[in-house]
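One structure below.
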Amino acid sequence: MSEYSEKPYLSIIIPIYNTEKHLKKCIDSILNQDYKDYELILVDDGSTDNCLMICRNYEKISKRILVIHQENGGVTSARKAGLAVARGEYISFIDSDDWIEPGFYSCFLDKDSDVLPDIILASGYQNDEFLEGEIQSEKIHTRLKNGIYNYKSIRKILKREFLFPVLWLKLFKRELIQKNMLLIDDRVCMGEDNLCFYACALDAHAVMLQKNDKYHYVQHRFSATHQHNKEHIKNVRYFTDNLKKIRNIKKADFLDLQWNKMILAVLLKVIIKEFKTKKTFLSLYDMRELEREFRDLNLSKLLLEGEYKAAIRNAEKKEKMILLLYSIKCYRLLNYYIKAVC
């Protein structure tokens with residue numbers, strides 16, 4: 001197959017922000033694929049390290065690589081920028097510190113197939129590099145069998161199954177992902193993948209599951225998702241409002257249990273993240289800082305809303321304890337509890 005195609009079958013989009021240590025491994029893993037009918041869109045989201053320079057150097061060596069540079073707007077903004085110029089029939093997202101094994105794409109991209117699914121689900125590994133010099137790998141998969149699932153089957157599955165609702169382990173028809181990505185609020189910085197995946201899945205008429213265990217999702221100590229960020233607190237409200245919007249547009253009340261689980265997961269993630277970044281002993285200053293940070297969230301009122309009450313009813317004991325201590329502002333005790341059990 002030729003080095004460059006004017007109309008590639010696949011567009012691979014990498015949103016990039018300050019991942020210079022891992023970016024080359026990510027890009028090289030794509031360039032080394034045996035599947036060649038693709039374009040690679042590198043979206044630098046206002047990185048302050050050498051990511052843009054690395055991207056420009058790769059752009060010089062291959063016509064299939066396109067570099068976009070924009071002011072920092074978050075991962076959703078970067079994905080939208082990539083989608084705006086993508087030409088492929090299918091879209092694949094890869095995080096800039098992840099990598100894929102050879103043959104990741106060739107096992108499920110077949111132009112001559114009788115069925116061209118709206119979404120293709122793959123499988124892989126989560127590599128945890130938090131521990132000192134240690135890497136722990138956990139398989140990312142679903143209990144479902146390989147095959148093609150139709151519209152009715154998809155809705156039944158969404159109601160009862162956890163399909164690991166991320167964007168980087170899947171391929172989407174371009175029109176499907178472009179339409180639904182526009183529904184996602186750029187300000188949502190936690191849970192944005194969940195929102196977009198469910199929005200796409202509810203519109204899909206055919207979904208193909210093809211487990212190949214070739215994607216490696218890597219978590220680093222200093223990844224953006226593991227750093228303290230005051231915007232994460234506001235994210236709870238952004239996420240909930242965005243979810244309500246999508247639920248109303250898609251008329252998907254039948255998925256309320258799943259929606260509630262997502263809200264609970266985002267809420268707990270924000271709370272745990274806040275306290276894991278704090279010192280073991282909270283000073284008076286720390287206490288006042290927490291009060292200021294959570295004032296906009298108004299947690300006590302939030303937990304009384306219908307979706308939160310439903311989510312809490314299905315929470316585990318540990319999760320309920322975290323929410324209880326948090327809602328009554330027992331921050332010191334909560335700090336010790338989170339460090340002990342999370």
Side-chain angles (χ1 to χ4, degrees), residues 11-27 30 39-60 65-86 91-99 129-130 166-168 172 177-178 180-197 199 217-243 245-246 266 269-270 273-274 276-277 289 292-294 296-297:
S11 295
I12 304 170
I13 299 173
I14 306 180
I16 300 163
Y17 182 70
N18 289 354
T19 52
E20 62 178 348
K21 292 182 180 179
H22 316 287
L23 184 56
K24 290 182 180 180
K25 182 175 182 178
C26 174
I27 296 174
I30 296 168
E39 62 177 350
L40 176 56
I41 303 171
L42 306 175
V43 185
D44 178 67
D45 188 37
S47 296
T48 56
D49 59 6
N50 293 314
C51 282
L52 181 58
M53 182 181 70
I54 293 170
C55 291
R56 294 296 187 199
N57 288 337
Y58 274 99
E59 189 177 34
K60 294 175 184 176
I65 296 178
L66 171 67
V67 176
I68 297 173
H69 175 65
Q70 64 175 31
E71 291 185 9
N72 181 248
V75 66
T76 297
S77 171
R79 285 168 173 164
K80 288 176 180 176
L83 284 171
V85 299
I91 302 294
S92 171
F93 296 104
I94 295 183
D95 284 0
S96 59
D97 46 3
D98 296 349
W99 59 280
E129 297 186 2
F130 271 72
V166 295
L167 300 188
W168 41 260
F172 300 86
I177 189 69
Q178 283 178 331
N180 285 292
M181 187 65 74
L182 293 176
L183 298 177
I184 310 304
D185 187 338
D186 289 358
R187 298 173 299 175
V188 177
C189 57
M190 221 182 283
E192 67 281 354
D193 281 26
N194 299 38
L195 296 174
C196 192
F197 169 72
Y217 169 62
V218 184
Q219 295 193 79
H220 302 283
R221 181 183 297 274
F222 299 109
S223 292
T225 54
H226 292 94
Q227 294 183 45
H228 169 70
N229 186 336
K230 292 183 179 181
E231 289 301 311
H232 289 161
I233 300 167
K234 296 179 182 178
N235 179 80
V236 176
R237 175 55 71 187
Y238 298 150
F239 177 87
T240 306
D241 290 345
N242 205 167
L243 186 149
K245 173 184 173 182
I246 292 170
V266 169
K269 193 172 183 180
V270 169
K273 186 185 299 294
E274 277 300 302
K276 276 203 166 185
T277 60
E289 183 184 28
R292 285 195 299 271
E293 289 181 2
F294 290 113
D296 290 341
L297 181 55

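What you are looking at is a predicted structure, and each value in this text was computed from that prediction instead of being measured. We're numbering straight along the sequence, starting at 1.
A salt bridge is defined here as a Lys NZ or Arg NE, NH1 or NH2 lying under 4.0 Å from an Asp or Glu carboxylate O, and Lys245 with Asp241 fails to meet this definition.
Contact record, Asp193 with Trp168: OD2-CD1, 3.8 Å, taken as the closest heavy-atom pair. When all heavy atoms of Ile68 and Ala81 are compared, the pair lying nearest together is CD1-O, 3.6 Å. In terms of heavy-atom proximity, Tyr17 sits nearest to Ser47 at CA-OG, 3.3 Å. Taking every heavy atom of both residues into account, His69 and Gly46 meet most closely at CE1-CA, 4.1 Å.
No donor-acceptor distance shorter than 3.5 angstrom exists from the side chain of Asp185 to the backbone of Thr76, with no hydrogens or angles considered. Judged by distance alone, with hydrogens and angles left aside, the side-chain atoms of Glu192 form no donor-acceptor pair with the main-chain N or O of Ile184 at under 3.5 Å.
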Ser11 and Glu39: CA distance, side-chain angles, deciding distance, side chain to side chain donor-acceptor pair (under 3.5 Å) verdict | CA-CA 5 Å; Ser11 295; Glu39 62 177 350; 2.5 Å; yes

Any chance you could lay out the side chain to side chain contact (heavy atoms under 4.5 Å, CB included) test for Leu23 and Cys51, step after step, and finish with the verdict?
-> CA-CA 7 Å; Leu23 184 56; Cys51 282; 4.1 Å; yes

Verdict with reasoning, Ile14 to Asp95, per side chain to side chain contact (heavy atoms under 4.5 Å, CB included) | CA-CA 6 Å; Ile14 306 180; Asp95 284 0; over 6 Å; no

Working for side chain to side chain contact (heavy atoms under 4.5 Å, CB included), residues Phe93 and Val75 = CA-CA 11 Å; Phe93 296 104; Val75 66; over 6 Å; no

Start with the C-alpha distance between Asp97 and Lys21, add both sets of side-chain angles, then the distance that settles side chain to side chain contact (heavy atoms under 4.5 Å, CB included), and finish with yes or no.
-> CA-CA 8 Å; Asp97 46 3; Lys21 292 182 180 179; over 6 Å; no

Determine, step by step, whether Thr48 and Asn18 satisfy the side chain to side chain donor-acceptor pair (under 3.5 Å) criterion, reporting the C-alpha distance in whole Å, the side-chain angles of both residues, the deciding distance to 0.1 Å, and the verdict.
-> CA-CA 6 Å; Thr48 56; Asn18 289 354; 3.1 Å; yes

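Put simply, CG on Asp186 and CE on Met181 are 9.5 Å apart, with the number rounded to the nearest 0.5 Å. The CD1 atom of Ile177 sits 6.5 Å away from atom CG of Leu83, with the distance rounded to the nearest 0.5 Å. Taken from CG in Asn57 to CD1 in Ile27, the straight-line distance is 9.5 Å, to the nearest 0.5 Å. Once rounded to the nearest 0.5 Å, the distance linking OH of Tyr238 with SG of Cys189 reads 9.0 Å. In this structure, CG in Leu42 is found 10.0 Å from OG in Ser96, a value given to the nearest 0.5 Å. For the atom pair CG of Leu167 and CD1 of Ile94, the computed distance is 12.5 Å after rounding to the nearest 0.5 Å.
Between Arg187 and Asn235, the closest side-chain pair of non-hydrogen atoms is not below 4.5 Å. Side-chain contact between Asp45 and Ile16 is absent, with no heavy-atom pair separated by less than 4.5 Å. Residues Phe197 and Val166 have side chains not in contact (no heavy-atom distance under 4.5 Å, counting atoms from C-beta outward). Under the 4.5 Å side-chain criterion, counting only non-hydrogen atoms from C-beta, Lys80 is not in contact with Val43. Residues Ile91 and Ile13 have side chains in contact (heavy-atom distance under 4.5 Å, counting atoms from C-beta outward). You'll find the side chain of Lys24 reaches within 4.5 Å of the side chain of Ile54, heavy atoms only. No side-chain heavy atom of Ser77 sits under 4.5 Å from any side-chain heavy atom of Asn72. Looking at heavy atoms from C-beta onward, Met53 lies out of side-chain contact with Glu20 at the 4.5 angstrom threshold.
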